[in-house]
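Written out below as structure tokens is the structure these notes cover.
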Amino acid sequence: MNSVRVRFAPSPTGYLHVGGLRTALYNYLFARKNNGKFILRIEDTDRNRYVEGAVEKLISSLKWCGLEYDEGPDVEGQYGPYMQSERLAMYKQHAQQLVDAGKAYYCFCTPERLEALREDQQRRKLPQTKYDKHCLSLNKKEIDEKLSSGIQHVIRLNVETDQKIIFDDIIRGKIEFESNNVDDQVLIKGDGYPTYHLANVVDDHLMEISHVIRGEEWLSSTPKHVLLYNFFGWEKPRFAHLPLLLNPDRSKLSKRQGDVAVEDYRNKGFLKDALVNFVALLGWNAGDDQEFYYIDELIQKFSLEKVNKSGAVFDLEKLNWLNAEHLRKKSNDELLKMLRVEILNSQFAIHNYPDEYLLRVIEAMKERVSFVYEYLTKSPYFFERPREYELASSEKNWKSETPSQITKLRDRFSTLQNPTKEDYENALKQLAAELNIGVGKLIHPLRLAVSGMSTGPGVYDILVILGKDEVTERIHSAVEKIR
RNA sequence: GGCGCGUUCGUCUAGUGGUCUAGGACGCCGCCCUCUCAAGGCGGAGAUCACGGGUUCGACCCCCGUACGCGCUACCA
């Protein structure tokens, strides 16, 4: 059995698109599952689209997601270099080989002639617009003259007419094209750089790529690649074209309708485990009911045969849910580390909370948060005294008799020695009984007094975490401040 | 326009000719739990399986057509 070698081959646009993440992930899962190699190759053959620092950003996003590659720009391998811009000589040499064999030819047409040709074809309502092979008729002498005169030129693929181009896609099955619909694609551009089509075929062959797993947008140009493999006399890799990721309106996932960069989701507080888990399920399912996965389980269960054919809408609601699920599964120690980072980046950075204290907060809030930052936004009262009191709750629960009742409660609390949850609870219940009122008459104002809010963990848990002195202090100032 | 690919609850999906009066998950609604909010448990609404023809004793599953959607149609990837 031939060894599995797959690659993720993005062009460095400045960030890692979530669709790109999904493609990278499937390549990674497939490689790991089959004891193969996962390679990162940068397709930077478009000089007009050069973006400073793009490769570094791409790599850092990929690594943040946990997708470690075996060979790449910064990981030594036997098949480098892994930046296409550093492989120009290879493309040139292979293009020349094709020219010598009559499978490709020099073209000296100007952009103006090409544009005019296209317009003419459109005006005549031809079924398709394609190059007219004008330069194919040039003789050797004419070509040599033009070449030595230094005039700009490209090299084009010489597509034969009336051929059937058939290939097998792992996900979609047999796919058939007519060569008459395939244009004489430019292989080497005027600036000497290769186009994607030439570069990806040459590299995939030289790098011994066994499976080309890429987005569906490449399906239509695969016949060009197949032709290239045939012309070179090379064995083709297996192809697998992945369904697209879509906006809620089912158009191709784009910036216009929300965040598309992995970095965006990272900044919003999503866990890499959740993002990876979510994106894995967009277009793939093991055939069972499992939805929660760690990457190791994905590796075990993944197979290309189970990848869907149709596009999947990127549904934030489900991502949110998965994030909460993954967050809740984290150990308290892991959460502590993450919470510390969150605090450092918040208005509470000036405070110094003991681990012991934060661990108790985590225990109390764990079931109530979907994001780490929510420890701060949903229970700010664990980090600072309430600055204000929720109006809806004070109007509902803070009656005219409340100040005196709650003050009595405070007095009871202050007599307790190292009170436990139960001690607080007993004290409150006893007072309620003595005052002949329901416990709710004390509990709700108490919650409001110590937290400023009406929601959160059980009040007694809050009291224990805050500690007696803090609690009595907060009750005191609440009595003064509310209303 | 041409070529290609696709089409099961709002969304992600299970389903490979009879087990489907179509299962799960997210979201939504209700109930339980309960000092609140979550979490959890239970239940509900939600898909004439895009449509129309075949094939078959029998079609979500096979074939053909139509519609719709998406992709490609560059010296961009």
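Lettering of chains follows the sequences in order, A, B, ..., and the numbering in each one begins at 1. Side-chain atoms are counted along with the backbone in the values below, which use heavy atoms only and exclude waters and symmetry mates.
Paired with A/Arg238 under the rule salt bridge (charged side-chain N to carboxylate O under 4.0 Å, His left out), one option of A/Asp169, A/Asp168, A/Asp204 passes, and it is A/Asp168.
Using a 4.0 Å heavy-atom criterion, one finds that A/Phe177 contacts the sugar-phosphate atoms exclusively. Using a 4.0 Å heavy-atom distance criterion, A/Pro12 is classed as making no nucleic acid contact. When heavy atoms are screened at a 4.0 angstrom cut-off, A/Glu176 is found touching the sugar-phosphate backbone but no base atom. Looking at heavy-atom distances under 4.0 Å, A/Pro10 makes no contact with the nucleic acid at all. Residue-level contact check: A/Thr222 touches neither bases nor backbone, having no heavy atom under 4.0 Å from any strand.
Nucleotides B/rU19 and B/rC60 are separated by 10 Å at their P atoms, to the nearest Å. Remark: the separation of the C1' atoms in B/rC61 and B/rA22 is 12 Å, to the nearest Å. Annotation: B/rG53 and B/rG1 have their C1' atoms spaced 28 Å apart (nearest Å). For the P atoms, the distance linking B/rC37 with B/rC31 amounts to 12 Å, nearest Å.
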Encode nucleotides 6-12 of chain B as B, S and - characters from 5' to 3', where the letter depends on protein heavy atoms closer than 4.0 Å: B to the base, S only to sugar-phosphate, - to neither.
-> SS---SB
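For the pair A/Thr45 and B/rA77, the criterion of a side-chain N or O lying under 4.0 Å from OP1 or OP2 is met. OP1 and OP2 of B/rU16 both lie 4.0 Å or more from every side-chain N or O belonging to A/Lys306.
Residues A/Phe270 and A/Phe371 bring their aromatic ring centres within 6.0 Å. In this structure, A/His225 has its ring center no closer than 6.0 Å to that of A/Phe167.
Pairing of B/rA77, defined by two Watson-Crick or G-U wobble distances under 3.5 Å, is not identified with any nucleotide. Across every strand in view, B/rC60 sits unpaired, with no contact that passes the Watson-Crick or G-U test at under 3.5 angstrom. Here B/rG40 sits opposite B/rC32 as a Watson-Crick or G-U wobble pair (both hydrogen-bonding atom distances under 3.5 Å). When both distances must be under 3.5 Å, the Watson-Crick or G-U wobble mate of B/rG71 is B/rC3. Here B/rA50 sits opposite B/rU66 as a Watson-Crick or G-U wobble pair (both hydrogen-bonding atom distances under 3.5 Å).
Salt bridge status for A/Glu425 with A/Lys429: present, with a side-chain N to carboxylate O gap under 4.0 Å. In this structure, A/Glu291 pairs ionically with A/Lys318, as a charged nitrogen and a carboxylate oxygen lie closer than 4.0 Å. Taking 4.0 Å as the cut-off between side-chain N and carboxylate O, A/Arg47 and A/Asp191 count as a salt-bridged pair. Taking the charged nitrogens against the carboxylate oxygens, A/Lys366 and A/Glu363 have no contact shorter than 4.0 Å, which rules out a salt bridge. Using a 4.0 Å cut-off between charged side-chain N and carboxylate O, A/Glu297 and A/Lys301 make no salt bridge. Comment: A/Glu434 engages A/Arg412 in a salt bridge, judged by a side-chain N to carboxylate O separation of less than 4.0 angstrom.
Nearer the 5' end of RNA chain B, as judged by each residue's closest nucleotide, is the contact made by A/Asp249, out of A/Asp249 and A/Gly190.
The A/Pro127 side chain lies nearest to B/rG2 when the options are B/rU36, B/rG2, B/rA77.
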Using the 3.5 Å cut-off, write out each protein N or O paired with an N or O of nucleotides 72-74 of chain B and the distance between them.
none

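A/Tyr26 and A/Phe302 have tilted rings, their planes meeting at an angle from 30° to 60° on a 0 to 90° scale.
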